[in-house]
Amino acid sequence: MVGVCLQVLQECKNIPILGVCLGHQALGFVNGAKVVHAPEPVHGRISEIEHIDCPLFSGIPSGKGSGFQVVRYHSLILDSTSLPEELVPTAWTISSSCISSIQHQSDYEDSQHSFQRPDIWTCEPSRLQNTVKPCAVPDTRISSKNERGMHLAKDISVSSDGGSDRSVTTSDDECKSAVIMAISHRERPHYGVQFHPESIGTSFGKQILENFRDITLSHWQRTKAKMAVTRQIVSEDFHPLDGSLKIPLRMYWEKVEGIVSAAGGSESIFCGLFGEGTAKDTFWLDSALQTGGARFSFMGGRGGKLWKRLTYCLSDKHGSGGGILRIEDSVQVEEKVLDKGFLDFFSRELELYKPSEPDSVGLPFDFWGGFVGYLGYELKVECGARLNQHKSKLPDACYFFIDRFIAVDHLTNDVYAVVLYTDTPDGNLLRETLINGKSVHQDKHKVSIASVSSSSNIASSSNISSQTLLAQLWVRDILQRVHGLAEQGRDMSVERRYSSQLASCSLGSKNTDTHFVIAKSKKQYMEDVQSCLKYIKDGESYELCLTTQLQKRVGSFDALGLYLTLRKMNPAPYAAWLHFGPEEVCICCSSPERFLRLDQNGMIEAKPIKGTIPRGRSHAEDEALRRKLQYSEKDQAENLMIVDLLRNDLGRVCKPGTVHVPSLMAVESYATVHTMVSTIRGIKRSDVTALDCVRASFPGGSMTGAPKLRSMELLDSLECSPRGVYSGSVGFFSVNSAFDLNIVIRTLVIHKGIASLGAGGAIVSLSDPADEYEEMLLKTKAPIKAVSCHEALSNHSSQDIESESLPHALLGLH
């Protein structure tokens with residue numbers, strides 16, 4: 001990419017160019033300036049800026065307290081002593097120190113200068129269009145600014161021999177520590193800014209881009225050049241299916257009002273309806289904690305005629321050869337080679353279905369049936385990553401196609417039973433229904449405990465297809481079972497947890513390990529953090545989300561009982577239980593983080609978490625820790641960088657001008673930790689599919705760092721095992737194109753008698769290796785404690801983790 005920048009700058013001498021960050025450095029380098037290490041890396045950090053009165057900064061205030069603050073992402077800078085005469089410095093930092101992202105907001109409010117700063121904390125698109133209206137800054141500041149700016153430009157001298165004998169004279173000590181933030185070419189329409197005007201934390205960024213637009217228009221008007229602007233909106237791979245080629249789907253559903261609590265809650269409903277035995281081939285997308293928009297839970301097991309299971313494994317580490325897909329339904333098992341990969345197949349599969357919208361009228365949720373499962377982290381090779389250093393022993397993707405499910409509304413206490421089906425005649429099924437003498441309830445959308453229909457209802461409904469009748473039968477039967485739970489007053493989850501713990505204790509220690517074992521020692525993990533810091537200093541990355549794996553042999557183990565214990569001890573808004581039978585994969589997830597959601601109206605939302613601190617032992621200590629997180633410059637930098645990354649990801653698939661940040665750096669509290677959460681939203685373009693949205697953002701930036709592709713390469717070189725399900729995503733893809741996916745963290749994955757747990761943290765320039773190790777351990781606390789409690793172990797101390805390397809075979813290394 002640098003080579004392309006240099007070529008553009010060398011060959012396009014008469015075309016307006018604005019170089020941002022690396023482009024700024026390239027502009028300096030191609031004209032003879034030196035690129036050197038900055039005094040310190042400043043990724044995701046904010047500085048006050050002073051500038052000369054040049055066209056790029058027209059209408060923007062300048063200097064300390066003026067409100068012109070910018071977000072910086074760099075560890076390299078242009079050496080001011082090496083600038084050639086043709087380059088003029090036009091802006092620089094006021095001092096070497098940076099400003100807290102949260103703290104500087106109050107500084108603005110206390111400022112005496114008459115200007116308005118954009119409200120980046122709750123900036124909706126409509127507000128962005130009329131954001132900052134700068135007013136005049138006092139003449140004394142302009143004078144000071146111009147004197148200093150002209151002084152910098154005037155005192156740059158070039159030695160007679162063409163070498164680097166150059167110096168910058170400064171008017172005071174503060175300016176000596178200043179870093180050049182912008183340059184312009186004396187003869188060409190070339191400009192560079194070291195900071196990021198597009199960042200959510202940069203004030204007047206929109207004004208800078210508008211100024212460059214005006215510079216460009218003015219340039220072409222002067223040169224009278226003809227401008228041809230073309231834009232390809234639809235990607236080459238996008239071929240929407242004709243509606244006549246899609247599979248028409250019908251939906252039947254009924255609701256029972258206010259029954260959830262009486263039935264023992266969603267956990268009791270799941271255990272009573274789907275939790276028998278090992279709960280094979282079941283799912284539960286579980287809003288165990290109703291925060292952040294998490295209102296509904298969805299659950300089910302093996303379904304009707306449309307139900308099927310998809311299992312996909314990449315062919316090799318590189319993923320260049322596609323992979324093997326196994327499809328199992330109620331009739332057959334099929335395997336096929338996917339040369340173009342899983343996501344290409346999955347996208348076309350989702351486009352096949354055309355649900356009946358009238359059937360869904362009255363449903364308050366986006367999931368109408370469809371695919372439920374997970375995408376593994378190593379599928380990054382289908383989303384732009386060059387290769388995988390490690391290959392997972394688990395499938396890289398597993399999904400059920402769900403045509404029968406229960407939905408729980410935690411807000412209203414209602415239960416919905418939903419069936420998805422194709423409305424085709426089937427005389428045999430209808431005859432079987434009539435022979436068995438089962439009744440069909442005719443009131444489509446609401447059933448009460450007293451309502452009972454007779455078989456005569458079927459006879460009088462000759463115009464109803466057999467599939468509709470079967471859908472009605474399943475809905476009635478499953479809701480009657482929910483009524484049964486309410487009548488009995490039994491909490492099936494309590495019974496399951498108790499029996500599960502007894503079973504685990506009876507196994508003894510023969511098939512289990514006492515402790516979790518961590519893949520890397522504390523010494524090795526801290527050395528890896530140091531390696532990350534070196535990469536960051538050398539400009540290879542802004543932020544690296546370093547992770548490791550912990551494992552424990554659990555033998556014969558009631559995984560559902562473990563999940564019930566985990567959700568009770570650490571409830572989370574995006575929790576999940578998944579059991580894929582033949583693959584022997586069980587996922588016990590207590591994730592607090594949403595990766596990506598697309599609703600029926602085309603609104604996309606991401607809610608990345610960056611910044612974690614433990615809860616306090618008292619209310620006062622807890623509040624002090626919460627505020628410590630809120631005002632931590634390091635955690636703010638982590639969060640800000642991922643917010644900007646996701647704004648860029650969503651910008652690839654959203655309508656221009658719709659991507660916005662309604663909430664920035666809010667602190668949310670969970671059972672064991674406080675976390676810093678931001679929300680990014682946008683409106684999907686009509687020419688992109690649901691899977692296009694996922695491809696643009698997967699894996700979640702909070703699990704990779706930024707820039708994403710290069711960061712993933714560096715992490716692959718440092719981490720010693722595949723991440724598998726961890727760092728991937730669990731959730732649903734509905735037949736109406738909506739989806740809701742989490743980030744797989746705080747999650748236990750059980751596969752062939754081994755329980756695995758991934759954990760890590762974001763490494764930034766302000767990171768301390770010892771602190772990063774402790775933060776990684778903190779994130780394992782809730783899942784490990786749940787395992788210990790489930791096994792009725794009395795020792796919950798730090799000895800539950802042994803810092804010794806696991807054998808390579810146990811970690812699944814190749």
Side-chain angles (χ1 to χ4, degrees), residues 252-290 295-303 402 404-419 436-443 445-455 471-506 558-569 571 575 577 579 588 789-790 792:
Y252 183 84
W253 61 271
E254 293 180 2
K255 173 178 70 172
V256 182
E257 295 181 346
I259 198 173
V260 175
S261 297
S266 60
E267 62 270 37
S268 179
I269 294 173
F270 179 84
C271 291
L273 301 183
F274 308 109
E276 183 179 355
T278 61
K280 180 180 177 181
D281 286 335
T282 60
F283 78 94
W284 181 7
L285 303 180
D286 179 17
S287 295
L289 186 66
Q290 290 83 56
R295 172 180 167 183
F296 301 99
S297 292
F298 305 101
M299 58 185 71
R302 290 182 72 100
I402 300 300
R404 296 175 177 178
F405 65 94
I406 290 289
V408 173
D409 187 338
H410 296 282
L411 179 64
T412 64
N413 244 5
D414 298 338
V415 171
Y416 296 79
V418 184
V419 176
N436 290 337
K438 293 184 178 180
S439 62
V440 177
H441 178 61
Q442 296 300 301
D443 183 8
H445 295 322
K446 188 174 179 179
V447 63
S448 67
I449 191 169
S451 60
V452 178
S453 303
S454 65
S455 59
Q472 293 173 338
L473 286 173
W474 183 86
V475 165
R476 177 154 183 80
D477 176 68
I478 204 77
L479 290 181
Q480 289 290 8
R481 291 172 65 187
V482 174
H483 281 302
L485 294 173
E487 291 173 343
Q488 296 168 20
R490 296 169 61 186
D491 188 335
M492 301 299 293
S493 65
V494 173
E495 296 180 20
R496 180 57 182 262
R497 270 195 303 271
Y498 180 70
S499 62
S500 174
Q501 287 176 339
L502 288 179
S504 295
C505 291
S506 68
D558 181 9
L560 177 57
L562 169 62
Y563 177 67
L564 293 171
T565 302
L566 176 62
R567 79 181 298 277
K568 184 175 182 64
M569 298 177 64
W577 154 266
H579 185 300
C588 304
C789 182
H790 179 66

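Residue numbers count from 1 along this sequence. Only heavy atoms go into these numbers, but all of them, side chains included; no hydrogens, no water, no symmetry mates.
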Partners passing salt bridge (Lys or Arg N to Asp or Glu O under 4.0 Å) against R481 (at least two apart in sequence or in another chain): none

Results of salt bridge (Lys or Arg N to Asp or Glu O under 4.0 Å) for D281 - residues two or more places apart only: R302, R309

By side-chain contact (heavy atoms from CB on, under 4.5 Å) - contacts of A417 (at least two apart): I406, W474, V475, I478, L479

Residue list, side-chain contact (heavy atoms from CB on, under 4.5 Å) with S261, at least two apart or on another chain: N413

Chi angles and distances behind the side chain to side chain contact (heavy atoms under 4.5 Å, CB included) call for V256, E254: CA-CA 7 Å; V256 182; E254 293 180 2; over 6 Å; no

Steps toward side chain to side chain contact (heavy atoms under 4.5 Å, CB included) verdict (T412, E257): CA-CA 8 Å; T412 64; E257 295 181 346; over 6 Å; no

Close side-chain approach of L564 and E267, heavy atoms under 4.5 Å: yes

Close side-chain approach of T282 to F270, heavy-atom, < 4.5 Å: yes

Listed partners of F405 passing ring pair (Phe, Tyr, Trp, His ring centres under 6.0 Å), at least two apart: F367

Contacts of F296 that satisfy ring pair (Phe, Tyr, Trp, His ring centres under 6.0 Å) - sequence neighbours left out: F365

Full working for side chain to side chain contact (heavy atoms under 4.5 Å, CB included) between D286 and W577: CA-CA 7 Å; D286 179 17; W577 154 266; over 6 Å; no

Between W284 and F274, ring centroids under 6.0 Å: no

By side-chain hydrogen bond (donor to acceptor under 3.5 Å, both in side chains) - contacts of S266 (at least two apart): none

side-chain hydrogen bond (donor to acceptor under 3.5 Å, both in side chains) involving S287 - partner list, sequence neighbours excluded: none

From CA spacing to verdict: side chain to side chain contact (heavy atoms under 4.5 Å, CB included), T278, L560: CA-CA 7 Å; T278 61; L560 177 57; over 6 Å; no

